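Remarks on the structure that follows.
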Amino acid sequence: MKINIEVTENRNIFIVEGEVDSFSISHFVQELELLEKVSGQKIVIDLSNMKSINWRGLLILSNKILEAKDRSDEFTLVCKNDEIIETLSLFTHPTKLSFFPTLEDLLVSL
């Protein structure tokens, strides 16, 4: 599992690749801590290249999303996996999340 961060003029894009399992969860948590450092900016998390994520990873990600929303950060997710979308929507309810199937779809919508 790795996270690449692309910084554009007005948004920070966290691109997650690989899988989050019991072996990589601590690294995943460490990388997500960077969300706090970009507080006040537009944040995109791209999960479209993610192979799998365990329930604990989804729970931690949803907590980070809720923390970002509490800070009034603008938050968007790129994901085409229906199970991940459904689970994150349940964990972050009643927060309304914006999901796009690809990063290109997100950029076109702007």
Side-chain angles (χ1 to χ4, degrees):
M1 192 281 316
K2 68 178 183 174
I3 296 180
N4 294 316
I5 303 170
E6 292 182 14
V7 179
T8 65
E9 187 175 309
N10 60 352
R11 88 182 58 252
N12 293 281
I13 304 171
F14 289 72
I15 302 170
V16 185
E17 296 179 11
E19 51 189 287
V20 175
D21 55 21
S22 56
F23 298 108
S24 60
I25 193 75
S26 61
H27 178 66
F28 184 64
V29 170
Q30 223 174 18
E31 294 287 336
L32 288 179
E33 294 298 322
L34 295 173
L35 290 174
E36 293 174 26
K37 295 183 179 174
V38 296
S39 180
Q41 302 174 29
K42 296 178 183 177
I43 300 168
V44 174
I45 293 190
D46 183 353
L47 303 174
S48 59
N49 293 320
M50 179 165 256
K51 292 180 183 172
S52 65
I53 182 169
N54 65 9
W55 67 270
R56 190 166 168 228
L58 284 169
L59 184 60
I60 291 166
L61 178 58
S62 65
N63 286 337
K64 292 299 178 187
I65 291 169
L66 291 172
E67 289 172 11
K69 289 286 190 176
D70 287 345
R71 293 189 305 264
S72 298
D73 293 343
E74 184 180 319
F75 205 91
T76 307
L77 286 161
V78 174
C79 183
K80 51 190 165 194
N81 182 315
D82 290 335
E83 290 179 20
I84 293 175
I85 292 170
E86 184 177 330
T87 305
L88 284 176
S89 295
L90 288 172
F91 283 162
T92 58
H93 181 76
T95 300
K96 174 85 172 104
L97 298 176
S98 300
F99 288 94
F100 292 86
T102 66
L103 198 51
E104 291 78 27
D105 291 326
L106 167 64
L107 297 174
V108 166
S109 76
L110 300 175

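In this text the structure is predicted, and so the values were computed from the model without any measurement.
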Inset, instruction - Look up atom NZ in K42 and atom CG in D73, then write down how far apart they are to the nearest 0.5 Å. - result: 12.0 Å
Inset, instruction - State, yes or no, whether a side-chain contact exists between V16 and L61 at a heavy-atom distance under 4.5 Å. - result: no
Inset, instruction - Kindly say whether F23 contributes a backbone atom to a donor-acceptor pair with the side chain of D21 at under 3.5 angstrom? - result: yes
Legend entry - Heavy-atom donor-acceptor pair, S48 side chain to K80 backbone, under 3.5 Å: no
Inset, instruction - Scan I45, I85, I53, D46 and name whichever one has a side-chain contact (heavy atoms from CB on, under 4.5 Å) with C79. - result: I85
Inset, instruction - Flag the pair I60 / V20 as yes when at least one side-chain heavy-atom distance between them is below 4.5 Å, and no otherwise. - result: no
Legend entry - V108 reachable from L77 in the ILVMFWY side-chain graph, under 4.5 Å edges: no
Legend entry - Heavy-atom neighbours of E17 CD exceed 12 at 6.0 Å: yes
Legend entry - Atom pair CD1/CD of I43 and E74 - distance to nearest 0.5 Å: 9.5 Å
Legend entry - Student check: side-chain heavy atoms of F28 and I3 closer than 4.5 Å: yes
Legend entry - For E67, all residues meeting salt bridge (charged side-chain N to carboxylate O under 4.0 Å, His left out), sequence neighbours excluded: K64
Inset, instruction - Please round to the nearest 0.5 Å and tell me the distance separating atom CG of N54 and atom CG of L59. - result: 10.0 Å
Legend entry - OG on S62 to NZ on K69, rounded to 0.5 Å: 13.5 Å
Legend entry - Expected output: side-chain T87 to main-chain I84 donor-acceptor under 3.5 Å: no
Inset, instruction - Kindly say whether R11 contributes a backbone atom to a donor-acceptor pair with the side chain of T8 at under 3.5 angstrom? - result: yes
Inset, instruction - Is it possible for you to say whether L88 and W55 belong to one hydrophobic cluster, with membership spreading through side-chain heavy-atom contacts below 4.5 Å? - result: yes
Legend entry - From K2 atom NZ to S24 atom OG, the distance as rounded to the nearest 0.5 Å: 13.5 Å
Inset, instruction - Identify whether V7 and F75 are in the same connected component of the hydrophobic contact network (ILVMFWY, side-chain heavy atoms under 4.5 Å). - result: yes
Legend entry - Contact summary for L66 and F91, nearest pair of heavy atoms: CD1-O, 4.1 Å
Inset, instruction - Rounded to the nearest 0.5 Å, what's the gap from OG1 on T76 to CZ on F99? Could you check? - result: 10.0 Å
Legend entry - Evaluation steps, side-chain contact (heavy atoms from CB on, under 4.5 Å), between I13 and V78: CA-CA 10 Å; I13 304 171; V78 174; over 6 Å; no
